[in-house]
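We name chains A, B, ... by the order of the sequence lines, and we start the count at 1 in each one.
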2 protein chains.
Amino acid sequence: MADTKSAVGRLYLREEELRQVIELLFFAYRDFTSDLDAILRSCRFGRAHHRVIHFVGRHPGISVADLLGILRITKQSLSRVLNQLIAGGYISQRPDANDRRRRMLALTEKGRELERRLSAPQQARVARAFREAGAEAVEGYRRVLTGLIDDENRAAILRLIGRP
Amino acid sequence: MADTKSAVGRLYLREEELRQVIELLFFAYRDFTSDLDAILRSCRFGRAHHRVIHFVGRHPGISVADLLGILRITKQSLSRVLNQLIAGGYISQRPDANDRRRRMLALTEKGRELERRLSAPQQARVARAFREAGAEAVEGYRRVLTGLIDDENRAAILRLIGRP
DNA sequence: CAAGATAAGTCAACATGGCTGACACAAAGT
DNA sequence: ACTTTGTGTCAGCCATGTTGACTTATCTTG
C-alpha cells in the first residue's frame, strides 16, 4: 500500500518535473527570440531572415543545400528570404571552385554589420544568464539540450557548432 | 602585447561559447517541437493548438486573458484556434462563478486524451535527456534557462510552473 | 560521350498562425 | 447611470511554412 502510494507520488513528481522543463524551454525560447523583432522590423525583415543571417555568418561559404539541412525548411521557403537578403546586399553568392553548381553564400560587410547588431542583444542575454548560473550550470544546460536533439542529428550538430 | 593577445583570445572563446549555446537552443527547440507534427496533423491541428491544449491542461479553469498572457498572442489569434478546439469538443468553457464575464477553460475528457498523446513523446524525450545528463545537469539547465527569461516575466513564470 | 544524377532557381497555389483595427455585448465596478 | 473590463467577432493583411512541377547548369558514371 505504502509502496504503491509512494510510487505514484514519485511518478507524479517526475511528471511535474518534466513539465516544468518543457515549459521552461517554451518560455526561454519565447523571450529569447523576441529580442530581435524591433531591429528586424527596421529592415523589413523577419525571424526567418535572422536565421539565415546567423548561419551564413557562422559558416561562410556554406552551400544552399547545407543551409537547408540546418534550417529544415524547403528550398522554396529559403529562396524567398535569401533572395531578399541578396537583393538588399546582405549576402553574396559565388560559385564553388570545386563544384560550380554549388553557390557559396557569405555575408557582405553590410551583412556582417547587421549580424553584429542582431547577435549583440542575444549574446548579452546569454552572457547574463551565464554569470547568474555559473559555469557548472552552463555545462548542465549543454548536456541536457544536447540530449534533447534527435539522435540522428546529434553528431552532425555537435560537429557544426564545434563541440566534438 | 601578450596581455592584449590573451584578452582577445579569451573574448573570442567567450563569443564562441555564447554562440554554441544559442545554436544549441535553436536545434533543441527545433527537434523538440517537431515530435508532435504527425499526431497534430491527424487531428488537422497545428502547433498553436498544441500550445493551447498544453496550457489549458496545466491550468484547468484558466481564463482567456491569462492564457493570452502566457502565449503572448492576440485575442484574435487565440480565438481562431480556441474556437476550433471547442468546436471539436477538446475544450470546455463555463463562466466563472465569481465574475461571470470570465470564461473558465478546461480540457474535456477528449481533450485530456489528446493532451496525453501529445505530451507522451515530449516527456519521453526529456526523460531520456535527463537520464543521459544527470540530475546536476538538469539543475544547471533550469538555472540557465531561467536566466534567459526576461526579468519582468521571471517571477510570474516561476510561479506559474511551480518553482517558487 | 551520352545519360543520369545533383545543386540550384523559379512559378503557382495553398495553409498556418501571427498582426491591426473596429465594433458588440454582458457583467462588474464607481 | 456611466465607465471599465472580459470576451467574442468580422475583415483584411503579412510572414513563413508547405506541395508540385519544371528549368538550367554542372558533375558523375556507364
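Contact annotation for A/Gln93: backbone-only contact, meaning every heavy-atom pair under 4.0 Å involves sugar-phosphate atoms and none involves a base. Within 4.0 Å (heavy atoms only), A/Arg51 reaches sugar-phosphate atoms of the nucleic acid but no base atom.
A close approach under 4.0 Å does occur between a side-chain nitrogen or oxygen of B/Thr74 and OP1 or OP2 of C/dC19. Put simply, A/His49 has no side-chain N or O that comes within less than 4.0 Å of OP1 or OP2 on D/dA15. Considering only side-chain N and O atoms, B/Asn98 lies nowhere under 4.0 angstrom from the phosphate OP1 or OP2 of C/dA27. Put simply, A/Ser77 has no side-chain N or O that comes within less than 4.0 Å of OP1 or OP2 on D/dT16.
Evaluation of atom-type donor-acceptor distances gives a pair under 3.5 Å for the side chain of A/Lys75 against the base of C/dG9. At a cut-off of 3.5 angstrom, the base of C/dG17 holds no donor-acceptor pair with the side chain of B/Arg47. A donor and an acceptor atom never sit less than 3.5 Å apart when one is taken from the side chain of B/Gln76 and the other from the base of C/dG17. Residue-to-nucleotide contacts include a donor-acceptor pair under 3.5 Å from the side chain of A/Arg101 to the base of C/dT6.
Of the listed nucleotides (D/dT18, C/dA28, D/dT9), C/dA28 has the atom at the smallest distance from the side chain of B/Arg100.
Closest-nucleotide positions on DNA chain C for B/Arg80 and A/Arg102 were compared, and the one nearer the 5' end corresponds to A/Arg102.
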